[in-house]
Structures are given as structure tokens and as C-alpha cells.
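What follows is a short report on a single structure.
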Protein chains: 2
Amino acid sequence: MAKRTFLGEFELMILLAILHLGDEAYGVPVSRELENYCGRSIALGSVYASLERMENKGLVSSSVGDPTPERGGKAKRYFRVTGEGLREVQETRQVLTRLWQGLPQITEWKGRQA
Amino acid sequence: MAKRTFLGEFELMILLAILHLGDEAYGVPVSRELENYCGRSIALGSVYASLERMENKGLVSSSVGDPTPERGGKAKRYFRVTGEGLREVQETRQVLTRLWQGLPQITEWKGRQA
DNA sequence: TGCCATTTCTTCAATAATAGTGAATATATG
DNA sequence: CATATATTCACTATTATTGAAGAAATGGCA
């Protein structure tokens with residue numbers, strides 16, 4: 001069996017999106033948030049699948065809210081990042097930050113070139 | 001078929017390790033470099049597998065050097081990050097940087113807590 | 001009132017791609 | 001030939017992606 005591994009890129013981004021959204025972190029806005037940050041479309045199914053896996057690993061927890069009084073206002077499943085999830089994000093950030101420090105070809109790039 | 005996706009966490013780290021190593025970037029030191037940065041052991045096979053995939057995707061290129069005059073000095077396969085590989089690293093870094101900006105619970109963490 | 005179309009959100013099933021492992025293989029030198 | 005360095009291989013596990021189906025709610029209209 002494959003042993004414990006890194007946080008996947010997608011997992012990392014989802015965790016960060018949840019932190020950004022705070023109390024409004026359920027599947028749909030998480031997906032929208034990612035699309036905004038990444039500039040590409042994200043399949044909702046992949047977000048839910050990843051959330052499911054991360055809940056099993058203890059990186060996020062979820063709770064189902066009440067239905068809202070609006071058309072299609074089905075109860076939402078809200079997600080939070082657990083302490084362990086936060087720790088993993090922090091560690092990943094540390095490693096990446098160290099890795100791209102001292103690499104001018106990376107860090108001096110300011111965005112898509114003209 | 002799954003469409004084009006993000007750079008995986010592992011792929012990203014390998015690309016960064018290659019950039020750090022410059023002219024000495026072949027399988028073994030790449031793996032060692034990762035172990036140093038990540039603080040965990042890395043299976044050599046997984047590094048080669050990832051390098052292989054990335055070469056197919058055009059993110060790295062490789063060339064086989066000459067044997068070196070030392071015991072077991074088998075010819076090495078050196079890797080370089082291509083222009084496209086570099087661009088992907090840069091874009092990934094941009095997205096991640098934006099995502100963890102404004103999150104004090106992430107950015108104000110200075111390392112493994114005492 | 002009682003349906004049903006519509007909306008919002010979640011789950012599912014199936015496939016592709018990536019990660020990880022241990023053993024095997026290839027080539028050097030001493 | 002034993003040993004050292006490096007790469008490749010075969011196989012399994014985990015993660016990513018997609019498209020469609022399922023659940024639950026409201027709004028409007030006969």
C-alpha cells in the first residue's frame with residue numbers, strides 16, 4: 001500500500017478556498033472560488049470527491065445546515081478545515097516557499113508576460 | 001479522458017529541485033534534494049516515474065552524459081526544465097501565492113510550533 | 001390544494017492520471 | 001567477479017476528472 005504522501009495540488013487549493021470562504025464554504029462556492037483563482041473551469045464532482053477523501057483523512061470536517069427559504073434551497077453541507085488540515089497546509093507552504101526561494105527565474109516573474 | 005490538469009505536488013517539487021541542482025540534476029541527487037527539503041524519504045522509483053511522465057508532457061528534457069571515472073560510475077541521465085515546464089511552475093506559484101495571501105492562519109506560521 | 005417544472009446542491013459510477021514500492025537490470029570500476 | 005552507482009520495470013494505491021443521476025426545496029398554475 002502506498003504510504004502517507006503529500007497533499008495533492010488540488011487538495012491544497014481546496015483547503016485554501018475553504019479558509020477564504022469561512023462560514024460559506026460548501027461545495028458550490030468552493031468550486032467557484034477555485035475557478036476564480038485558477039482561471040479554468042472546475043468540475044463540481046471533482047471538488048466533492050476531493051472533499052470526501054479529505055474528510056476521511058481528517059483534513060476537513062463537515063456538517064449539514066438547514067434548508068434556506070429560496071428556490072432550490074436544499075440543505076448545504078458546510079466544510080471546515082481541521083487543525084490537522086491546517087497543519088498540512090502550513091507545512092506544504094513551508095516546503096514550497098523554501099524550494100522556490102533563491103530561484104530568480106521563478107520568483108521574479110510577475111505574471112503572464114506581455 | 002481526463003483533460004489537462006494542474007501540476008501535481010510531486011511534479012512541482014521535482015521541477016524546483018532540478019532548477020536548484022542546475023547541471024547536476026539527475027535522478028539520484030534530485031531525490032536526495034527532495035528528501036532534504038521535505039524531511040521524509042522519497043522512493044527513487046517514484047522520482048524516475050514522475051520525470052518520465054513530465055518528459056512526455058514536455059515539461060523536462062533529458063540527455064545521457066558520459067560515464068564518470070569512479071567505481072560504479074554509470075552514465076547519468078541529466079534533466080533540464082523546459083520553457084513550458086518553467087511556465088507551469090510560475091503559474092502554479094502565482095495561484096498558490098494568491099490563495100494563501102490574506103490568510104494569517106497560514107502565512108504567520110513560522111515553522112513547526114514548539 | 002396538489003402537481004410538476006425548475007433550481008440548487010450533492011452523490012455516484014466509471015475512467016484517467018499520478019504517486020509510491022520493491023525488485024530487476026545495466027554499466028562502471030577494483 | 002564482487003561491488004557500487006544509476007536507471008528501468010511491473011505492479012498497486014491514491015488522486016483527479018467527468019458526466020449523469022439523485023435529493024430536496026420553492027414557485028406557479030390548473
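Here is the naming used below: chain letters follow the sequence lines, and residue numbers restart at 1 for every chain.
- Under 4.0 angstrom from either OP1 or OP2 of dA19(C) there lies at least one side-chain N or O belonging to S50(B).
- Put simply, CG on D66(A) is 15 Å from P on dC9(C), counting in whole angstrom units.
- Between G45(B) and Y26(B), the one whose closest nucleotide on DNA chain D sits nearer the 5' end is Y26(B).
- For dA13(D), the OP1/OP2 oxygens have no side-chain nitrogen or oxygen of R53(A) closer than 4.0 Å.
- Toward the 5' end of DNA chain C, the nearer of the two residues A43(B) and P29(A), judged by each one's closest nucleotide, is P29(A).
- Taking atom CD1 of I42(B) as the reference point, atom P of dG20(C) lies 7 Å away to the nearest angstrom.
- Summarising the geometry, the separation between CZ on F6(A) and P on dT15(D) is reported as 13 Å, rounded to the nearest angstrom.
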Inset, instruction - Apply side-chain contact (heavy atoms from CB on, under 4.5 Å) to the pair K76(A) and V28(A), showing each step before the final yes or no. - result: CA-CA 9 Å; K76(A) 302 167 173 65; V28(A) 174; over 6 Å; no
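- We find that R77(A) and E55(A) are joined by a salt bridge, their nearest charged nitrogen and carboxylate oxygen being less than 4.0 Å apart.
- Between dT18(C) and K57(B), a contact under 4.0 Å exists linking OP1 or OP2 to a side-chain N or O.
- Looking only at side-chain heavy atoms (C-beta outward), F6(B) and L12(B) stay at 4.5 Å or farther from each other.
- Remark: P of dA19(C) and CZ of R40(B) are 11 Å apart, rounded to the nearest angstrom.
- Not one side-chain nitrogen or oxygen of R32(A) sits closer than 4.0 Å to the OP1 or OP2 atom of dC9(C).
- Counting only heavy atoms from C-beta outward, the side chains of M54(A) and F79(A) never approach each other to under 4.5 Å.
- A 4.5 Å side-chain heavy-atom check between V60(B) and I14(B) finds every atom pair outside the cut-off.
- Per the geometry, CG belonging to L44(B) stands 14 Å off C1' belonging to dA4(D), to the nearest Å.
- The distance from atom NZ of K76(A) to atom P of dC9(C) is 5 Å, rounded to the nearest whole Å.
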Shorter than 3.5 Å, N or O on both sides, protein versus nucleotides 23-28 of chain D: list them out with atom names.
{"from": "dG27(D)", "atom 1": "O4'", "to": "R71(A)", "atom 2": "NH1", "distance (Å)": "3.3"}

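- One interatomic measurement links the two molecules: CD of E52(B) to C1' of dA6(D), which rounds to 15 Å at whole-angstrom precision.
- The side-chain contact (heavy atoms from CB on, under 4.5 Å) test with L15(A) is passed by exactly one of T92(A), L51(A), V30(A), V89(A): V89(A).
- In the displayed structure, D66(B) atom CG is contacted under 6.0 Å by at most 12 heavy atoms of other residues, nucleotides or ligands.
- Atom pair L59(A):CG and dT15(D):C1' shows a separation of 13 Å (rounding to whole Å applied).
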